[in-house]
Peer 1: 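I am attaching a structure below and will ask some questions about it afterwards.
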Protein chains: 2
Amino acid sequence: MARPRTFDEERALDAAMRTFWEKGYEATSTQDLCDATGLGRSSIYNTFKSKHDLFERALARYIDSMTSAQLAVLEDRRLSAADRIRTLLATVVDGETEHRAGGRSLGCLTVNTTVELAARDARAAGMLERDTARRLAALRAVLEEGRRDGSITSARDPGALARFLNAAIGGMRISSQGGADRAALESIADVTLDALTA
Amino acid sequence: MARPRTFDEERALDAAMRTFWEKGYEATSTQDLCDATGLGRSSIYNTFKSKHDLFERALARYIDSMTSAQLAVLEDRRLSAADRIRTLLATVVDGETEHRAGGRSLGCLTVNTTVELAARDARAAGMLERDTARRLAALRAVLEEGRRDGSITSARDPGALARFLNAAIGGMRISSQGGADRAALESIADVTLDALTA
DNA sequence: TAGGTTATGGATCGGTCAGTTCAAAACTTG
DNA sequence: CAAGTTTTGAACTGACCGATCCATAACCTA
């Protein structure tokens with residue numbers, strides 16, 4: 001038919017996602033996106049309609065990969081409920097330790113977007129809300145299971161425990177972005193788990 | 001001597017702080033700052049050297065007012081250590097419920113700045129780090145006192161509990177910005193306190 | 001009230017923003 | 001190899017960015 005693309009759309013999306021993750025939406029210019037992806041402006045605007053559209057796709061990609069990895073941990077039937085949550089928190093610590101730039105943790109694109117955009121970008125806010133709902137439901141299911149298998153002894157409502165855990169993960173990410181090291185994050189995770197067995 | 005100012009510098013600073021709080025640093029234009037303060041560009045640049053300088057002063061003001069209010073709670077000798085922390089968390093819930101725009105919580109300028117700027121603005125990062133250190137020290141002191149007065153029964157290291165509490169507060173703020181309502185925040189606070197008495 | 005000083009508003013600065021246009025290049029298909 | 005289609009790079013657009021300049025207004029002091 002016609003001239004084929006010389007780049008991999010998924011790789012470009014990945015590079016864009018990384019850039020938004022590192023610098024935030026506003027601070028990322030279209031030139032930054034050209035540099036990061038290696039594409040020219042035409043290719044970017046031809047493939048992704050606009051900066052905002054590209055951001056939405058990058059965010060969707062991030063949410064999808066992140067949350068599905070976390071849900072996989074939460075649904076691992078080989079582990080007790082408490083151990084799944086322990087593993088989940090360890091995954092978060094690993095992620096924060098791993099994804100850094102300029103000596104600092106990148107945090108989590110979901111959290112970063114909640115802070116930077118949720119208030120004035122209804123579409124992004126909707127994506128984040130759906131993701132939160134999905135994660136809260138999964139957490140709640142595991143916590144209910146933990147109540148049954150005895151690994152979660154807290155008498156609190158599982159919904160409340162789920163919201164607490166979700167908040168705790170966000171808090172760990174903020175702490176990491178604020179300079180907390182791996183040991184600090186691990187101790188936060190330990191104390192978080194205490195609340196579920198109180 | 002000469003023509004005096006027709007505006008109150010502190011009120012202008014307050015308006016600027018509020019704007020940065022609502023929109024973030026990058027998304028706030030100098031025109032936004034003119035609109036919010038009611039000042040002309042000349043007055044703003046004459047009084048505060050630059051947008052960045054104005055932001056730093058706004059952030060310093062926020063940190064100062066926020067943290068000194070929180071330290072006042074933590075040093076209230078009429079309350080047990082656990083009750084001080086309970087009160088602190090209630091203050092956070094109130095703040096998140098109170099400071100909203102467009103139907104959404106504004107979160108916390110400290111957290112927002114950690115996410116948006118800490119990675120690429122060393123001066124802001126330094127201010128945030130000093131504030132975090134101050135808050136962690138105060139939390140730790142209260143937790144140690146709680147161990148002595150018996151209101152904190154967790155055997156965990158008070159430093160770890162302090163980092164946990166600090167993270168929990170950040171997590172509550174993120175949750176709030178993500179749409180959590182007052183009841184949700186209160187339940188998160190309840191579970192957070194469980195961890196200290198585990 | 002005159003002289004000195006500062007505040008103020010508006011015009012303006014160069015630069016960068018997101019996004020568009022267009023001609024040339026590159027590839028498929030017949 | 002030629003027609004047709006799409007990609008690509010580079011130049012370009014108007015708008016807005018943070019910041020400065022300057023003439024004028026407003027005020028204090030002497």
Side-chain angles (χ1 to χ4, degrees), chain A residues 1-60 109 112-113 116-117 120-124, chain B residues 1-60 109 112-113 116-117 120-124:
Chain A
M1 284 278 274
R3 179 176 177 179
R5 283 186 181 147
T6 58
F7 64 92
D8 180 344
E9 187 168 325
E10 296 299 305
R11 289 177 76 89
L13 193 52
D14 237 47
M17 185 199 80
R18 177 97 191 172
T19 308
F20 284 127
W21 192 0
E22 281 179 20
K23 310 187 52 160
Y25 178 76
E26 296 289 350
T28 297
S29 69
T30 52
Q31 187 57 51
D32 290 334
L33 294 168
C34 291
D35 295 346
T37 59
L39 306 187
R41 311 177 84 65
S42 299
S43 298
I44 285 190
Y45 277 89
N46 191 33
T47 310
F48 316 96
K49 298 188 340 213
S50 65
K51 178 188 175 184
H52 191 272
D53 256 54
L54 175 51
F55 177 78
E56 279 184 24
R57 282 198 54 185
L59 177 60
L109 183 58
N112 298 0
T113 303
E116 191 189 357
L117 287 184
R120 59 202 161 84
D121 184 333
R123 293 174 61 88
Chain B
M1 284 278 272
R3 180 177 177 178
R5 283 186 181 147
T6 58
F7 64 91
D8 180 345
E9 188 168 323
E10 296 299 306
R11 289 178 75 90
L13 192 53
D14 237 47
M17 185 199 80
R18 177 96 191 171
T19 308
F20 284 127
W21 192 0
E22 281 179 19
K23 311 186 52 159
Y25 178 75
E26 296 289 351
T28 297
S29 69
T30 53
Q31 187 57 50
D32 290 333
L33 294 168
C34 291
D35 295 346
T37 58
L39 306 187
R41 311 177 83 67
S42 299
S43 297
I44 285 190
Y45 277 88
N46 192 33
T47 310
F48 316 96
K49 297 187 344 211
S50 66
K51 178 188 174 183
H52 192 271
D53 256 55
L54 174 51
F55 177 77
E56 279 183 24
R57 282 198 54 185
L59 178 60
L109 183 58
N112 298 0
T113 303
E116 192 189 356
L117 287 185
R120 59 202 162 84
D121 184 334
R123 293 173 62 87

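So you know, we letter chains A, B, ... as the sequences are listed, proteins then strands, and number each from 1.
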Peer 1: Side chain of B:K51: nearest nucleotide among D:dT6, C:dT20, D:dA19?
Peer 2: D:dA19

Peer 1: Grab the CG-P distance between B:L39 and C:dA7 for me, whole Å please.
Peer 2: 12 Å

Peer 1: Measure CG/A:D35 against P/C:dT16 and give the value in whole Å, please.
Peer 2: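 One finds 13 Å between P of C:dT16 and CG of A:D35, rounded.
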
Peer 1: B:G40 or B:A2: which one's nearest nucleotide on DNA chain C is closer to the 5' end?
Peer 2: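 Going by which nucleotide is closer to the 5' end, it is B:A2.
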
Peer 1: With a cut-off of less than 4.0 Å, is there a side-chain N or O of B:S43 near OP1 or OP2 of C:dT8?
Peer 2: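 Indeed, a polar side-chain atom of B:S43 lies that close.
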
Peer 1: Out of C:dT8, D:dT20, D:dT7, which has the shortest distance to the side chain of A:N46?
Peer 2: D:dT7

Peer 1: Remember a base hit wins even if backbone is also touched, and classify A:T28 as base, sugar-phosphate or nothing at under 4.0 Å, heavy atoms.
Peer 2: sugar-phosphate

Peer 1: Could you tell me whether B:F48 contacts a base, only the sugar-phosphate backbone, or nothing, with contacts defined as non-hydrogen atoms closer than 4.0 Å?
Peer 2: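 B:F48: no heavy atom of the nucleic acid under 4.0 Å.
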
Peer 1: Give the ring-plane orientation class for A:H52 versus A:Y25, where under 30° counts as parallel, over 60° as perpendicular and anything between as tilted.
Peer 2: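 Ring orientation of A:H52 relative to A:Y25: perpendicular.
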
Peer 1: Whole-Å distance between D:dA19 P and B:F55 CZ?
Peer 2: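 Between P of D:dA19 and CZ of B:F55: 14 Å.
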
Peer 1: For B:Y45 and C:dT12, give me the distance from atom OH to atom C1', rounded to whole Å.
Peer 2: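 From B:Y45 OH to C:dT12 C1': 14 Å.
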
Peer 1: Is there side-chain contact between B:L33 and B:F48, with heavy atoms separated by less than 4.5 Å?
Peer 2: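 No, too far: nothing below the 4.5 Å cut-off.
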
Peer 1: B:K49 NZ to D:dG18 P: how many Å, rounded?
Peer 2: 17 Å

Peer 1: Just to be sure I understand the rule, does A:T30 reach a base, reach only the sugar-phosphate, or reach nothing, if contact means heavy atoms closer than 4.0 Å?
Peer 2: base

Peer 1: Any idea which of D:dT8, C:dT8, C:dA18 is nearest the B:R3 side chain?
Peer 2: C:dT8

Peer 1: Ignoring hydrogens and angles, are the base of C:dT21 and the side chain of A:S42 linked by a donor-acceptor pair under 3.5 Å?
Peer 2: yes

Peer 1: How long is the line joining CD of B:E9 and C1' of C:dA7, in whole Å?
Peer 2: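 Distance, rounded to whole Å: 13 Å.
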
Peer 1: For the side chain of B:D32 and the backbone of B:S29, is there at least one donor-acceptor N/O pair under 3.5 Å apart?
Peer 2: yes

Peer 1: On DNA chain D, check which nucleotide each of B:E26 and B:T6 is closest to and give me the residue with the more 5' one.
Peer 2: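 By nearest-heavy-atom nucleotide position, the 5'-most residue is B:E26.
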
Peer 1: Whole-Å distance between D:dG18 P and B:Q31 CD?
Peer 2: 9 Å

Peer 1: Can you tell me the distance, in whole Å, between the CZ atom of A:R5 and the P atom of D:dT5?
Peer 2: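 Whole-Å distance recorded here is 18 Å.
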
Peer 1: So, taking the atom named CD in A:E56 and the one named CZ in A:F20, what distance separates them when rounded to the nearest 0.5 Å?
Peer 2: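 Between A:E56 CD and A:F20 CZ, I get 10.5 Å after rounding to 0.5 Å.
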
Peer 1: Decide yes or no, distance alone: a donor-acceptor N/O pair under 3.5 angstrom between the base of C:dG19 and the side-chain of A:R41.
Peer 2: yes

Peer 1: I'd like to know whether CZ of B:R11 has more than 12 heavy-atom contacts from other residues, nucleotides or ligands below 6.0 angstrom.
Peer 2: no

